[in-house]
Amino acid sequence: MKLKTSLITGLVLALTMITSPLLAQNNHQQSGEVNQTPIVKSAENGRVKLTVNVNPGISVVGHPTRITGQIVDKATGRPVSNVLVKINAHHIEDNKTMLHTEFVAADGSFSFDNQFFDGAEHNLTFTAEPTDTSSIRFETVGTEFPVEVVGVNPPTDVKVKTMIFLLGIIALGMVLGVITAKSLKSRLSKRLVAAVNCS
């Protein structure tokens, strides 16, 4: 009777584990619904202006986000050459740095693709500093702003395969538990019979 109850409970648990992830809806928007409007931020001091563009403004896990920027002389509007650029992406929820890079922008501009791999808000920091070979002297300038990153639900077949694997491990554990319990019960019975026969 206990074994039947355990098996029924295990079956109900298994069905719950399979159906729950399949029925669960992703709280975030899917990539097709995400706002594609880029984020454009700028910072300036008395001499230069730093402009940064993050496109799309709401990033999607596994999809490239184009990050571009330019440092220009405010007086002439021309790019400042040989500028040291530092970029930092900080995962706000986990409080850890996900990306840190620095390089010299020879022509005063930069452009690269970045892929976020966690659906959570990140804080982006951009800093432009002069080098010994910069075309003009200027004070360090920087900007900082948050970027939303949207997680994506895995495909149904991946969910099903994962659930089958996990349920297989649970089923194996249950079978091994039943076999072990029966074996222990059998040994205990034999010892008890032997003890009774000896007395």
Side-chain angles (χ1 to χ4, degrees), residues 1-39 54-67 87-102 112-126 144-199:
M1 182 65 177
K2 286 183 181 178
L3 184 59
K4 251 186 191 179
T5 306
S6 296
L7 288 174
I8 291 171
T9 304
L11 183 60
V12 169
L13 179 65
L15 289 172
T16 304
M17 289 179 70
I18 286 176
T19 56
S20 294
L22 296 177
L23 297 175
Q25 295 297 316
N26 191 350
N27 291 332
H28 294 295
Q29 297 171 316
Q30 293 300 316
S31 59
E33 304 167 2
V34 170
N35 183 356
Q36 298 293 314
T37 306
I39 294 175
V54 177
N55 190 15
I58 298 177
S59 299
V60 178
V61 171
H63 294 264
T65 299
R66 174 59 58 98
I67 298 174
I87 301 173
N88 193 66
H90 190 80
H91 191 290
I92 295 173
E93 186 178 323
D94 290 344
N95 191 27
K96 59 178 155 181
T97 300
M98 306 307 288
L99 166 72
H100 177 78
T101 185
E102 51 186 79
F112 65 96
D113 287 335
N114 180 59
Q115 284 196 26
F116 295 96
F117 62 89
D118 190 4
E121 196 171 40
H122 289 66
N123 198 55
L124 297 183
T125 306
F126 298 85
E144 180 178 345
F145 53 91
V147 168
E148 185 181 343
V149 181
V150 177
V152 178
N153 251 344
T156 304
D157 63 329
V158 171
K159 289 182 185 179
V160 170
K161 289 175 187 174
T162 304
M163 283 302 111
I164 289 171
F165 176 73
L166 292 175
L167 289 172
I169 291 175
I170 291 171
L172 180 63
M174 289 175 70
V175 169
L176 289 176
V178 168
I179 291 171
T180 304
K182 282 186 176 181
S183 175
L184 289 174
K185 187 176 179 182
S186 175
R187 286 182 192 170
L188 188 60
S189 296
K190 287 178 183 175
R191 284 183 189 170
L192 192 58
V193 168
V196 168
N197 288 338
C198 287
S199 60

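Start at 1 with the first residue, then count along the sequence. Computed from a predicted model, the values in this text were never measured in an experiment.
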Give me the atom names and distance for the closest heavy-atom approach of Val61 to Gly151.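 Here Val61 and Gly151 meet closest at CG2-CA, 3.9 Å.
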Measuring only between side-chain heavy atoms, which start at C-beta, is Thr65 closer than 4.5 Å to Val54?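 Touching, per the 4.5 Å side-chain cut-off.
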Straight-line distance of Glu148 CD to Ile92 CD1, nearest 0.5 Å: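 If I round to the nearest 0.5 Å, the distance is 10.5 Å.
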Just verifying a value: how many Å separate Ile169 CD1 and Leu172 CG, rounded to the nearest 0.5 Å?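 Between atom CD1 of Ile169 and atom CG of Leu172 there are 8.0 Å.
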query: How far apart are the closest heavy atoms of Pro64 and Pro56, and which atoms are they?
result: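 The answer is O-CD, 4.2 Å.
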Check your understanding: Is there a side-chain contact (heavy atoms from CB on, under 4.5 Å) between Met174 and Val178 once you walk through the steps?
Key -> CA-CA 6 Å; Met174 289 175 70; Val178 168; 5.6 Å; no
CE of Met98 to CG of Leu124: how many Å apart, nearest 0.5 Å?
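Met98 CE to Leu124 CG: 12.0 Å, rounded to 0.5 Å.
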query = Got a sec, which residues hit salt bridge (Lys or Arg N to Asp or Glu O under 4.0 Å) with Asp113, two or more places apart in sequence or on another chain?
reply =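 By the salt bridge (Lys or Arg N to Asp or Glu O under 4.0 Å) rule, Asp113 matches Arg66.
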**Q.** Any Asp118 side-chain heavy atom under 4.5 Å of Val149 side chain
**A.**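 Asp118 does not reach Val149 side chain to side chain.
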Supply the atom-to-atom distance Ile39 CD1 to Ile58 CD1, rounded to the nearest 0.5 angstrom.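 With rounding to 0.5 Å, CD1 (Ile39) is 7.5 Å from CD1 (Ile58).
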*asked:* Can you tell me how the ring of Phe126 sits relative to the ring of Phe145, calling it parallel under 30°, perpendicular over 60° and tilted otherwise?
replied: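 Phe126 vs Phe145 ring planes: parallel.
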Between OG1 of Thr97 and CG of Asn88, what distance do you get to the nearest 0.5 Å?
->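 These two atoms lie 4.5 Å from each other.
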- Query: Of all heavy-atom pairs between Gly57 and Val147, which one has the smallest distance, and what is that distance?
  - Reply: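 Taking Gly57 first and Val147 second, the nearest heavy atoms are O-CG1, 3.9 Å.
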Item checked: Closest heavy-atom pair and its distance - Gln115, Gly62 ->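 Scanning both residues, the minimum pair turns out to be OE1-O, 3.4 Å.
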Check your understanding: What is the distance from atom OG1 of Thr101 to atom CD1 of Ile67, rounded to the nearest 0.5 Å?
Key ->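 CD1 of Ile67 is found 10.5 Å from OG1 of Thr101.
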| message | Main chain of Ala120, side chain of His122: is a donor-acceptor contact present, judged purely on distance under 3.5 Å? | response |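 Checked: pair present.
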